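The structure displayed is predicted, hence computed values, not measured ones.
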Amino acid sequence: MARICLVACTRRKLDRRARAGELYTTPYFRKCRDFAVSRFDRWYILSAKHALLDPERWIDPYDVTLAGKPLRERTRWAQRVAQALARRAQPGDHVTLLAPAAYREFLVPALRQRGYRVELPLAGLRFGEQLRWLDQANRAATAS
């Protein structure tokens with residue numbers, strides 16, 4: 001049973017082509033990336049434009065967000081992500097989402113329907129609380 005982490009993209013990006021895992025420049029993304037790298041078998045990026053991104057894939061900067069998209073588009077996006085993950089994972093795998101509500105809304109049911117065990121450690125936390133949680137988790141990972 002694999003342990004997989006899905007990390008949401010962020011608006012701020014480099015202004016040039018880069019590996020997806022390096023393209024997003026916010027401290028929040030970096031903290032999520034560090035958490036994913038230190039604790040999971042594999043990790044991927046939830047991209048509003050590309051659906052599911054391998055962190056090693058080279059991509060160009062883009063400006064697309066799920067926020068404000070119509071319900072139909074958000075639902076289709078979640079299905080695209082679930083289908084892409086199904087090519088990389090097995091039912092019963094443990095999937096942790098580090099993503100805002102707009103990314104989780106339709107994705108969590110789609111993943112659970114495919115048999116993944118889904119965890120949402122940041123759900124319900126305000127932004128500052130999420131940053132503190134990630135800092136503590138990352139400190140604990142480097143201490144062990």
Side-chain angles (χ1 to χ4, degrees), residues 1-69 73-90 92-144:
M1 200 172 333
R3 297 184 70 240
I4 299 165
C5 190
L6 304 180
V7 175
C9 66
T10 58
R11 177 164 278 166
R12 267 192 10 228
K13 300 167 187 70
L14 296 173
D15 60 0
R16 59 178 166 73
R17 184 174 179 81
R19 285 187 180 93
E22 303 297 323
L23 181 71
Y24 308 95
T25 60
T26 64
Y28 180 81
F29 179 83
R30 289 186 191 132
K31 290 171 192 287
C32 289
R33 179 190 60 203
D34 292 348
F35 178 78
V37 167
S38 68
R39 295 179 179 261
F40 294 86
D41 301 320
R42 295 188 306 274
W43 73 287
Y44 301 100
I45 299 162
L46 297 171
S47 165
K49 179 176 181 176
H50 301 282
L52 191 70
L53 277 173
D54 185 302
E56 295 300 314
R57 179 176 165 194
W58 285 81
I59 61 170
D60 292 315
Y62 61 92
D63 188 20
V64 177
T65 182
L66 287 182
K69 295 279 186 195
E73 284 185 48
R74 294 191 325 263
T75 303
R76 271 198 307 254
W77 175 85
Q79 290 302 320
R80 285 179 51 214
V81 170
Q83 289 168 356
L85 186 61
R87 292 189 291 273
R88 297 165 173 88
Q90 302 295 319
D93 284 350
H94 186 269
V95 178
T96 298
L97 268 70
L98 304 179
Y103 286 72
R104 296 188 319 256
E105 180 180 18
F106 299 107
L107 183 56
V108 170
L111 295 176
R112 287 185 173 148
Q113 183 177 34
R114 290 179 178 265
Y116 300 112
R117 296 172 43 212
V118 179
E119 182 179 330
L120 308 166
L122 303 179
L125 299 178
R126 293 184 306 247
F127 187 70
E129 294 170 330
Q130 291 179 35
L131 290 172
R132 282 190 294 281
W133 189 94
L134 288 162
D135 282 339
Q136 290 172 348
N138 287 335
R139 274 195 305 274
T142 57
S144 54

>> Salt bridge check, Arg19 against Glu22: does any charged N sit closer than 4.0 Å to a carboxylate O?
In response: no
May I ask you to decide if [Y]'s main-chain N or O and [X]'s side chain share a donor-acceptor pair within less than 3.5 Å?
{"X": "Lys31", "Y": "Asp135", "answer": "no"}
{"X": "Arg114", "Y": "Leu85", "answer": "no"}
{"X": "Trp77", "Y": "Lys49", "answer": "no"}

Heavy-atom check, side chain of [X] versus side chain of [Y], under 4.5 Å:
{"X": "Leu52", "Y": "Leu46", "result": "yes"}
{"X": "Arg30", "Y": "Thr25", "result": "yes"}
{"X": "Leu6", "Y": "Leu111", "result": "yes"}
{"X": "Glu119", "Y": "Cys5", "result": "no"}

> Counting only heavy atoms not in Gln90, do more than 12 fall under 6.0 Å of its CD?
Replying inline: no
>> If you count every heavy atom of other residues, nucleotides or ligands that lies below 6.0 Å from Arg17 atom CZ, does the total exceed 12?
In response: yes
Atom pair [atom1]/[atom2] of [X] and [Y] - distance to nearest 0.5 Å:
{"X": "Asp54", "Y": "Arg88", "atom1": "CG", "atom2": "CZ", "answer": "6.5 Å"}
{"X": "Gln136", "Y": "Arg132", "atom1": "CD", "atom2": "CZ", "answer": "8.5 Å"}
{"X": "Leu14", "Y": "Asp60", "atom1": "CG", "atom2": "CG", "answer": "11.5 Å"}
{"X": "Leu98", "Y": "Arg33", "atom1": "CG", "atom2": "CZ", "answer": "13.0 Å"}
{"X": "Arg42", "Y": "Asp93", "atom1": "CZ", "atom2": "CG", "answer": "6.5 Å"}
{"X": "Leu66", "Y": "Leu107", "atom1": "CG", "atom2": "CG", "answer": "9.5 Å"}

>> I'd like to know whether Thr142 forms a side-chain contact (heavy atoms from CB on, under 4.5 Å) with Asp34, so could you lay out the CA-CA distance, the side-chain angles of the two residues, the decisive distance to 0.1 Å, and finally the verdict.
In response: CA-CA 10 Å; Thr142 57; Asp34 292 348; over 6 Å; no
Compare every heavy atom of [Y] with every heavy atom of [X], then report the nearest pair and how far apart it is.
{"X": "Leu134", "Y": "Cys32", "answer": "CD1-SG, 3.7 Å"}
{"X": "Pro61", "Y": "Asp15", "answer": "CG-C, 3.8 Å"}
{"X": "Ile45", "Y": "Pro55", "answer": "CD1-CA, 4.2 Å"}
{"X": "Ala137", "Y": "Arg39", "answer": "O-NH2, 2.7 Å"}
{"X": "Ala36", "Y": "Trp43", "answer": "CB-CB, 3.6 Å"}
{"X": "Lys13", "Y": "Thr10", "answer": "NZ-O, 2.8 Å"}

>> I'd like to know whether Phe106 forms a side-chain contact (heavy atoms from CB on, under 4.5 Å) with Gln79, so could you lay out the CA-CA distance, the side-chain angles of the two residues, the decisive distance to 0.1 Å, and finally the verdict.
In response: CA-CA 8 Å; Phe106 299 107; Gln79 290 302 320; over 6 Å; no
> Got a sec, which pairs hit salt bridge (Lys or Arg N to Asp or Glu O under 4.0 Å) with one end in residues 94-107, sequence neighbours left out?
Replying inline: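 Output for this query lists Arg74-Glu105.
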>> Please list all pairs meeting ring-ring contact (aromatic ring centres under 6.0 Å, His included) that have one or both residues in residues 18-42, counting only residues at least two apart or in different chains.
In response: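 Every pair satisfying ring-ring contact (aromatic ring centres under 6.0 Å, His included) with a residue in residues 18-42: Tyr24-Phe29, Tyr28-Phe127, Phe35-Phe40, Phe35-Trp133.
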> Please walk me through it: do Cys9 and Tyr103 pass side-chain contact (heavy atoms from CB on, under 4.5 Å)?
Replying inline: CA-CA 10 Å; Cys9 66; Tyr103 286 72; 3.3 Å; yes
